[in-house]
Amino acid sequence: MLVTSTPVLTRTAPVAARLAAPGAAWTRTCDVLVIGSGVAGLSVVAGLIGSGLDVMVVTKGALDAGSTPWAQGGVARATDDLGDVEAHARDTITAGAGLCDTAAVRRLAAEGPAAVEALVARGAAFDTGPDGKLAQTREGGHSRARIVHAGGDATGSEVQRALTAVLATARADGHLTIAENTYLLDLERADDGQVTGALVASLGDGSVGRVLARATVLATGGLGRVFAVSTNPPAMTGDGMAAALRAGAVLRDVEFVQFHPTVFAGRAVGNQALLISEAVRGEGAVLRDARGTLVMAGVHPLADLAPRDIVAAQMAQVMAANNVDHLYLDARGLGAAVLEHRFPTVLAGCREAGVDPVAEPIPVRPAQHYSCGGVAADLDGRTGVPGLLAVGEVACTGVHGANRLASNSLLEGLVAGTGAARLLREDLPARRPGAVSGPSAGTDPGARPALASAMQCDAGVLRSPQGLAALASLLDLTAPTPGGTGTLAAWEATNLHTLSTAIVVAASARAESRGCHRRTDVVTPSDAWAVHLDTTVVPGTTGVVTTTTTTTR
Ligand code: FAD
Ligand code: SIN
């Protein structure tokens with residue numbers, strides 16, 4: 001493999017070298033530290049059962065505080081029809097708009113059916129059809145129905161439930177410790193950069209502790225809360241990505257933030273926007289404007305089932321042209337029985353907000369949903385930083401490229417979590433002494449709402465150089481200052497500022513439109529930009545640099 005790197009944009013607006021926190025009051029030791037308890041983290045734990053390794057899971061809130069339990073549409077996996085593994089890979093690569101790692105995609109597609117079977121064997125109850133076989137639906141970008149689901153549109157909560165139940169087995173053999181309400185602050189490192197564990201804060205009593213580990217697995221999910229409107233739950237503040245960047249890891253392709261086309265316009269509980277699953281379009285719903293005109297007609301051969309980036313961009317353009325802040329998803333054609341049976345979560349959410357999808361179109365608009373970029377890693381979690389693995393949404397493994405194919409994320413969590421566990425069983429680094437170094441800094445939590453709104457406006461579905469420049473100025477004004485308050489609010493605000501910086505730097509550098517990165521000044525993709533953008537902290541400073549990286553296999 002040949003890797004060529006060229007620096008393209010350096011930004012010296014400071015990011016914190018470490019979060020401000022009191023000194024460590026306690027120390028724990030384990031073999032493997034898993035940070036995060038969604039589909040990816042719990043898949044690692046499940047894969048380590050019986051290995052004899054001492055595993056500690058640290059998670060920010062309750063076990064189910066991440067995105068996993070919110071997943072609606074399902075888990076994509078090739079059907080047992082001849083050629084569907086290849087077709088699943090092809091659809092993934094097409095959606096990824098030229099930036100997928102084809103070997104990683106082929107592995108994801110090939111391992112998909114076994115990953116779902118293993119989850120079923122662990123007790124996950126997916127919906128079945130009249131023939132007793134797993135029911136399958138379709139979503140955007142898929143050339144056929146291959147998505148399995150549970151509880152109609154409550155797939156994630158069943159995945160989370162099944163994997164959480166596995167923990168009981170792991171606990172019984174005495175090798176598993178679980179620390180809920182425990183927050184990753186920073187990664188500890190040896191002199192040569194190897195990650196040797198983490199500094200964490202117990203949110204209950206406010207104490208800070210060290211967890212020393214031979215390997216540390218980041219499974220901390222996405223960064224949705226960078227944006228004012230997101231489908232992600234409140235815990236998704238990108239903490240793992242920011243800590244990895246501070247520890248010398250590469251953040252890859254962070255400009256590719258996926259905006260889901262159909263998010264309920266107007267209702268948000270705890271600032272979390274209600275998703276209207278793409279599977280609703282998979283079952284026949286269509287997007288219309290206020291006059292009833294079909295939004296996707298003639299835009300793409302798959303019309304309403306085009307890949308997500310194409311639908312979201314078309315919606316943003318129609319909304320701008322019509323000067324409106326939402327369009328409509330017309331699901332009336334599905335009928336009451338189908339809506340009630342297949343989409344109970346969506347139906348209940350809409351009805352609570354005063355809209356009955358059986359009788360009227362649902363007001364929708366695109367909103368932040370998923371981070372295609374993240375800590376550069378392979379599908380076994382290897383990051384390039386010794387001792388540090390990354391799995392799930394926190395990672396960028398090349399399977400999503402510039403735009404994730406629908407329902408490939410839960411699948412990636414299952415496959416990469418299992419791959420990382422296999423790797424750890426075979427190859428665990430020796431224990432080393434380490435520490436967190438560098439001066440601490442923090443962003444004022446009071447700056448967070450304005451920054452999130454500005455990111456929403458200027459780094460959303462459509463981006464312009466002027467908007468990105470305005471964001472850069474705001475990032476300068478809200479940059480972390482030395483010291484800091486050492487509160488959860490300040491830690492999250494600091495991490496969000498760091499990730500906003502990384503997104504703005506990469507989005508400013510990428511002078512093209514590709515996948516879910518759309519620039520109003522250059523509206524097409526360019527061959528010259530068919531490269532990854534890697535963001536790192538500049539050694540010796542706390543600014544960030546973005547580098548183009550071309551990988552030739
Ligand atoms: P998460 O499930 O987000 O878990 C992250 C974990 O890390 C959490 O336990 C969190 O508390 C913990 N954590 C975070 N920060 C810290 C910290 N500082 N210290 C300690 N712990 C921390 N994908 C699909 O494939 N199919 C779908 O149908 C689908 N529908 C979706 C619907 C919604 C509404 C949303 C929001 C997402 C959906 N996705 C879907 C995407 C998918 O759910 C996520 O990408 C996936 O669940 C991420 O899993 P994960 O294990 O990487 O992270
Ligand atoms: C959805 O149900 O539309 C979400 C699917 C996904 O994010 O993969």
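Just so you know, ligand 1 is whichever comes first in the structure, and atom 1 is the first atom listed for that ligand. These numbers come from the heavy atoms of this one structure, side chains and all, not from hydrogens, waters or symmetry mates. Source: prediction; values computed, not measured.
Taking every heavy atom of Thr182 and a limit of under 4.0 angstrom, the matching atoms of ligand 1 come to 19 (N), 20 (C). The contact set between ligand 1 and Arg404, taken as ligand atoms under 4.0 Å from a residue heavy atom, comprises 23 (N), 24 (C), 25 (O). Each of the atoms 24 (C), 25 (O), 26 (N), 27 (C), 28 (O) of ligand 1 lies under 4.0 Å from some heavy atom of Ser407. Against a heavy-atom cut-off of under 4.0 Å, Ala406 is close to the following atoms of ligand 2: 8 (O). Shown in contact with Tyr370 at under 4.0 Å from a heavy atom are these atoms of ligand 1, numbered in order with element: 45 (O). Counting the atoms of ligand 1 from 1 in the order shown, those under 4.0 Å from a heavy atom of Gly38 are 2 (O), 4 (O), 9 (O), 51 (O). Those atoms of ligand 1 with a heavy atom of Gly221 less than 4.0 angstrom away are 3 (O), 5 (C), 52 (O), 53 (O).
Contacts of Asn408 with ligand 1, taken as heavy-atom pairs under 4.0 Å, involve the backbone alone. At a heavy-atom cutoff of 4.0 Å, ligand 1 is contacted by no atom of Ala243, backbone or side chain. With a heavy-atom cut-off of 4.0 Å, Asp239 touches ligand 1 through its side chain alone. Residue Asp153 does not touch ligand 2, judged by heavy-atom distances below 4.0 Å. When non-hydrogen atoms are compared, ligand 1 lies under 4.0 Å from the backbone of Val39 as well as from its side chain.
For atom 5 (C) of ligand 2, the candidate residues are Arg308, Gln72, His260; the nearest heavy-atom contact is made by Arg308.
Tested against Asn408 for a side-chain hydrogen bond (donor to acceptor under 3.5 Å, both in side chains), the candidates Glu139, His142, His88 yield a single pass: His88.
Close N/O approach between Gly73 and ligand 2 is found [any backbone or side-chain N/O within under 3.5 Å]. Between Ser409 and ligand 1, at least one N/O pair is under 3.5 Å apart. For ligand 2, one of its N or O atoms has an N or O atom of Glu278 under 3.5 Å away.
Residue-ligand proximity: Gln258 is placed with every non-hydrogen atom at 4.0 Å or more from ligand 1. His369 counts as a contact of ligand 1, since one of its heavy atoms falls under 4.0 Å from the ligand. Assignment of Gln258 to the shell around ligand 2 is not supported, since no heavy atom sits closer than 4.0 Å. In this structure, Leu275 is part of the shell of residues with a heavy atom less than 4.0 angstrom from ligand 2.
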Under the side-chain hydrogen bond (donor to acceptor under 3.5 Å, both in side chains) rule, what do Thr155 and His149 come out as? Steps first, then yes or no, please. CA-CA 5 Å; Thr155 310; His149 46 84; 5.7 Å; no

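Note on Arg138 versus Glu278: no salt bridge recorded, every NZ/NE/NH1/NH2 to OD/OE distance being 4.0 Å or above. A salt bridge links Asp380 to Arg107: one of the charged nitrogens lies within less than 4.0 Å of a carboxylate oxygen. Salt-bridge formation is detected for the pair Asp309/Arg518: a Lys NZ or Arg NE/NH1/NH2 atom is positioned less than 4.0 Å from an Asp or Glu carboxylate oxygen.
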